[in-house]
Amino acid sequence: MAEAADFQGTSPSPARRWLRRTGAVLAGTPLLTGLLQLPAASPAEAAAPAAPRAASDDGSVAVSVDSLTPGAPAEGDTVTVSGTVTNKGKKTVTDASVGLRVGSLLDTRSSIDTVAKNSDDIGSPVGAEIDDKYTEKFSKLTPGVSQPYTISVPADELDLGQDGVYDLSVTLTGETSDQPWEQTLGVRHTFLPWQPDEADTKTKTTFMWPLISTVHMTAETGSDEEQTPVFHDDELAEEISPGGRLDRMVALGKDLDVTWVIDPDLLASVEAMTTRYEIPGENADDKNAVGGHQAVAKRWLTEVQKAVADKEVVALPFGDPDLASLAHHGTSVTGSLRHLKEATDVAAGTVESILHVTASTDFAWPVEGAVDPSIIKVSTSAGADKVITRGDTFEGGRDLTYTPTAPRPIGGGTTAVVADARLSTVFDGDMTRASASTQAVQRFLAQSLTLALQTDRPRSVVIAPQRTPSAAQAQTMAEAIGALQDSTWSQPQDLTAAAKSEPDPDAGTEVPPAAAYPKSLRKQELPRSAFEQIARTQDKLDRFKVILSNPSRVVTPFGRALNRGMAASWRGRPTEAAIYRSGVETYLDTLSSQVRLIEKSDTKLSGRSATIPVTVQNNLVQGVEHLVLRLTSTNPTRLEIDGNAYEEQPIAVSGGHSQSVKFTTNANANGRATVVAQLYTQDGRPYGQPVTFDVKVTEITATVMLVIGGGVLLLVLAGFRMYTQRKRAAARQAEEREQENAADAADADAGDAKNPEASERRPTQESAPDTPEDAPEQPSDPAPDTAPESADPSGTGERVDR
């Protein structure tokens with residue numbers, strides 16, 4: 001942006017100040033004449049006739065300006081400057097004196113930057129010292145010791161001329177043992193804005209007051225009816241407690257004319273703290289600690305409600321998503337823009353329900369206001385038509401000698417609201433030191449006045465500071481805004497009004513190309529893998545919610561957690577961001593796994609048909625429905641499920657219960673058949689892990705029955721044949737014995753007839769020796785031998801059983 005070479009529309013210098021300066025010059029003429037008549041001075045002394053020469057050691061005393069009041073003095077005010085001087089050298093300083101010097105008029109914004117950069121350079125030019133009576137003297141300054149000073153000077157004694165910003169220096173002069181002459185040993189340059197009269201055309205200034213924090217809530221909630229929220233830390237309680245960062249932001253902002261820019265996630269998180277909330281213990285086995293800052297949370301929300309009651313409120317998308325990261329790495333991942341739209345849709349409702357005010361959602365705020373065409377496209381994709389950018393990354397326009405007004409139409413009905421870079425970044429850095437804070441306030445006022453004096457054109461200036469100012473930065477900002485609101489050249493304006501103001505026709509409207517996007521910011525962006533993980537988690541959530549009887553218990557906390565996963569606050573913290581996103585996905589996996597199939601061992605199936613039970617377990621607190629359980633046989637030719645390769649049955653299980661489902665099976669052959677049980681959602685997508693088990697079929701089929709029957713029949717027939725054969729053999733043996741007995745009897749009768757005494761000596765059958773009566777008879781035993789003593793050979797028909 002071009003700098004103004006001079007001031008347009010500046011007020012003329014008062015006549016009396018011109019006369020006073022002229023008199024001072026005339027009064028100094030005799031003194032200069034006397035000096036010329038003195039003996040020749042050393043070259044070092046001759047080089048600095050207007051002020052003591054600088055110390056050869058480049059400033060051995062540190063000078064700080066810890067307070068300057070008022071920051072922009074008016075006629076009749078007394079300017080008071082206070083701070084400390086510290087001897088940081090090795091020599092004691094004697095005859096030390098602290099005084100004020102008013103330097104030249106700084107007529108460009110870049111000249112203010114130069115002075116600020118070299119604010120402690122003792123070699124930089126300084127003006128003439130004010131009257132000696134407005135000094136503070138020290139007899140000596142011991143090395144390493146600090147001494148406070150306070151100097152008060154009436155503004156009329158400062159000899160300020162035309163309106164503008166003056167270089168105000170605090171210098172310390174003194175002597176050292178090795179350099180026993182008066183010299184400048186330390187200096188501190190600051191700025192003194194001067195415009196005592198009201199400006200004809202005031203600059204309309206908008207200060208954005210951000211109420212944003214980092215991510216604190218997780219996706220996890222308790223199983224109770226209230227769904228007790230779980231925070232991953234208790235740092236938010238520290239921020240909203242008295243004296244905390246966010247507490248100071250509210251306390252300071254309530255008395256300022258600012259536009260509140262709020263992340264709805266912050267409000268939702270604090271509201272969650274107003275009731276019971278939990279924080280995970282340090283160890284995994286620890287029970288969650290119950291947060292105890294309910295009263296603090298309620299008080300803070302009440303204070304915010306009071307502070308914004310009559311102020312403009314701009315609601316960022318929920319979670320303050322990183323628009324640049326989304327544009328550069330997320331748009332190629334399906335569903336990423338969906339999260340931005342959801343975050344925008346819930347923003348206004350969240351703010352209204354908690355703060356009871358209507359918030360605008362028309363503004364998008366990329367990190368540090370850096371944009372390129374893709375960022376503009378993403379920023380407006382969710383409905384915003386105004387993008388807050390910053391002047392150091394947005395073209396200001398050619399040949400402009402002034403800072404143009406903030407709104408720039410960039411096409412497509414979109415307005416780029418270009419915040420002033422110098423005013424927006426002046427509060428960066430450590431503001432805990434009073435000297436740094438004072439310097440920032442004076443620099444802010446100096447830049448604002450110099451900008452106002454550039455032209456008579458009516459302009460709207462927007463200031464977009466850092467997203468999460470520290471408590472010290474907030475204090476400094478509040479001091480600067482308070483001084484600006486009391487000034488004669490500026491008046492406050494809402495952000496919406498600034499965006500609607502008349503654009504400058506000469507201002508640049510070309511969006512910077514992608515190559516111009518700052519590399520330092522690009523290095524901090526969320527990677528593509530982050531958006532891929534968010535998309536993967538969303539896909540799991542979509543599959544999970546369709547089976548729930550009350551899906552809002554899951555959809556709302558996880559939806560907001562996914563918004564937080566792409567927050568701008570993760571910049572510079574890639575490890576923490578990855579841990580948070582993984583925690584969300586892991587917890588969703590844990591919940592999803594609570595609805596599962598119970599593992600089954602191998603099953604034996606004896607019989608042609610039987611039923612196989614499969615159990616579904618639901619360990620969630622709510623019921624599940626809209627599920628289908630499918631049982632599939634991988635070998636339907638051996639084992640069929642209800643006559644087919646698979647069978648499906650609808651499932652509905654109450655919370656904390658299990659349900660067994662029976663499937664009818666038919667066996668066609670013996671052997672093993674692998675069976676797979678799988679849950680499906682109603683749209684046919686698999687849910688959870690399948691359960692696989694084997695079924696061993698042991699059914700006796702018809703063919704086997706025929707074979708066995710045939711074998712039994714053959715055995716029966718063989719046995720019958722053996723029985724008949726044995727029976728016939730026994731009959732033949734009995735017949736043969738009868739024939740033999742008959743023949744023997746006939747022979748005996750014939751012998752008796754010849755010898756009658758022989759028949760008397762032959763024993764009868766009853767008296768003949770026989771086997772004992774108690775001997776068991778075996779079926780195979782031969783008939784008793786009726787002639788055991790006979791030596792005759794056996795008859796020809798005798799058979800021995802084997």
Side-chain angles (χ1 to χ4, degrees), residues 3-7 10 13 17-18 20-22 24-25 27-29 31-32 35 41-65 68 73 79 81 83 85 96-132 134-135 149 151 153 155 157-175 179 181-194 422 435 438-439 442-443 445-447 449-450 453:
E3 290 290 341
D6 52 17
F7 295 103
T10 55
S13 304
R17 292 191 180 82
W18 182 85
R20 183 181 299 163
R21 290 204 162 197
T22 304
V25 172
T29 302
L31 176 62
L32 292 175
L35 291 173
S42 64
E45 294 174 336
R53 62 178 181 266
S56 59
D57 60 354
D58 196 24
S60 59
V61 178
V63 180
S64 71
V65 176
L68 196 162
V79 177
V81 182
V85 289
S97 175
V98 179
L100 298 181
R101 300 173 183 272
V102 177
S104 60
L105 187 70
L106 305 175
D107 57 0
T108 64
R109 302 189 70 185
S110 58
S111 65
I112 296 175
D113 295 337
T114 301
V115 171
K117 184 179 180 181
N118 303 298
S119 63
D120 60 349
D121 182 9
I122 63 173
S124 58
V126 293
E129 188 174 85
I130 302 172
D131 196 315
D132 188 59
Y134 302 114
T135 62
Y149 71 88
I151 300 175
V153 182
E157 297 291 328
L158 296 176
D159 289 334
L160 302 176
Q162 68 184 67
D163 294 350
V165 176
Y166 290 86
D167 178 3
L168 179 66
S169 302
V170 179
T171 59
L172 183 134
T173 59
E175 301 177 3
Q179 294 179 335
W181 59 82
E182 185 181 12
Q183 56 189 307
T184 301
L185 298 176
V187 66
R188 177 64 61 180
H189 293 269
T190 188
F191 310 99
L192 191 65
W194 175 255
R422 288 186 172 94
S435 58
T438 300
Q439 182 75 341
Q442 294 308 120
R443 186 177 180 184
L445 295 174
Q447 288 286 356
L449 176 57
T450 304
L453 294 174

Test item: Arg188 side-chain N/O and Val63 main-chain N/O as donor-acceptor pair under 3.5 Å:
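Yes: the side chain of Arg188 pairs with the backbone of Val63.
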Can a donor-acceptor pair be found, under 3.5 Å and without considering hydrogens, that links the side chain of Gln447 to the backbone of Arg109?
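At least one qualifying donor-acceptor pair exists.
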Report the residues that fulfil side-chain contact (heavy atoms from CB on, under 4.5 Å) with Thr135, sequence neighbours left out, ordered by chain and then residue number.
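Thr135 satisfies side-chain contact (heavy atoms from CB on, under 4.5 Å) with Ser97, Glu129, Asp132, Lys137 only.
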Could I get the full list of side-chain contact (heavy atoms from CB on, under 4.5 Å) partners for Ser64, not counting sequence neighbours?
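By the side-chain contact (heavy atoms from CB on, under 4.5 Å) rule, Ser64 matches Asp66, Thr84, Ser435.
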For [X] versus [Y], what's the shortest heavy-atom pair and its separation?
{"X": "Val85", "Y": "Val61", "result": "CB-CG1, 4.1 Å"}
{"X": "Gly164", "Y": "Leu453", "result": "CA-CD1, 3.7 Å"}
{"X": "Leu100", "Y": "Val170", "result": "CD2-CG2, 3.5 Å"}
{"X": "Ile151", "Y": "Val98", "result": "CD1-O, 3.4 Å"}
{"X": "Ser111", "Y": "Leu106", "result": "OG-CB, 3.6 Å"}
{"X": "Leu68", "Y": "Leu168", "result": "CD1-CD2, 3.8 Å"}

Measuring from atom [atom1] of [X] to atom [atom2] of [Y], what distance do you get when rounded to the nearest 0.5 angstrom?
{"X": "Phe191", "Y": "Thr450", "atom1": "CZ", "atom2": "OG1", "answer": "9.0 Å"}
{"X": "Leu185", "Y": "Glu175", "atom1": "CG", "atom2": "CD", "answer": "9.5 Å"}
{"X": "Glu157", "Y": "Leu160", "atom1": "CD", "atom2": "CG", "answer": "11.0 Å"}
{"X": "Ile122", "Y": "His189", "atom1": "CD1", "atom2": "NE2", "answer": "9.5 Å"}
{"X": "Ile112", "Y": "Asp167", "atom1": "CD1", "atom2": "CG", "answer": "10.5 Å"}
{"X": "Ser119", "Y": "Gln439", "atom1": "OG", "atom2": "CD", "answer": "5.0 Å"}

Between Trp194 and Asp163, is the side-chain contact (heavy atoms from CB on, under 4.5 Å) condition met? List the steps.
CA-CA 5 Å; Trp194 175 255; Asp163 294 350; 4.1 Å; yes
Intermediate values then yes/no, side-chain contact (heavy atoms from CB on, under 4.5 Å), Val102 and Asp159
CA-CA 8 Å; Val102 177; Asp159 289 334; over 6 Å; no
Looking at Arg443 and Asp113, is there a salt bridge between them, counting it only when a charged N and a carboxylate O are closer than 4.0 Å?
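The answer is yes: the pair qualifies as a salt bridge.
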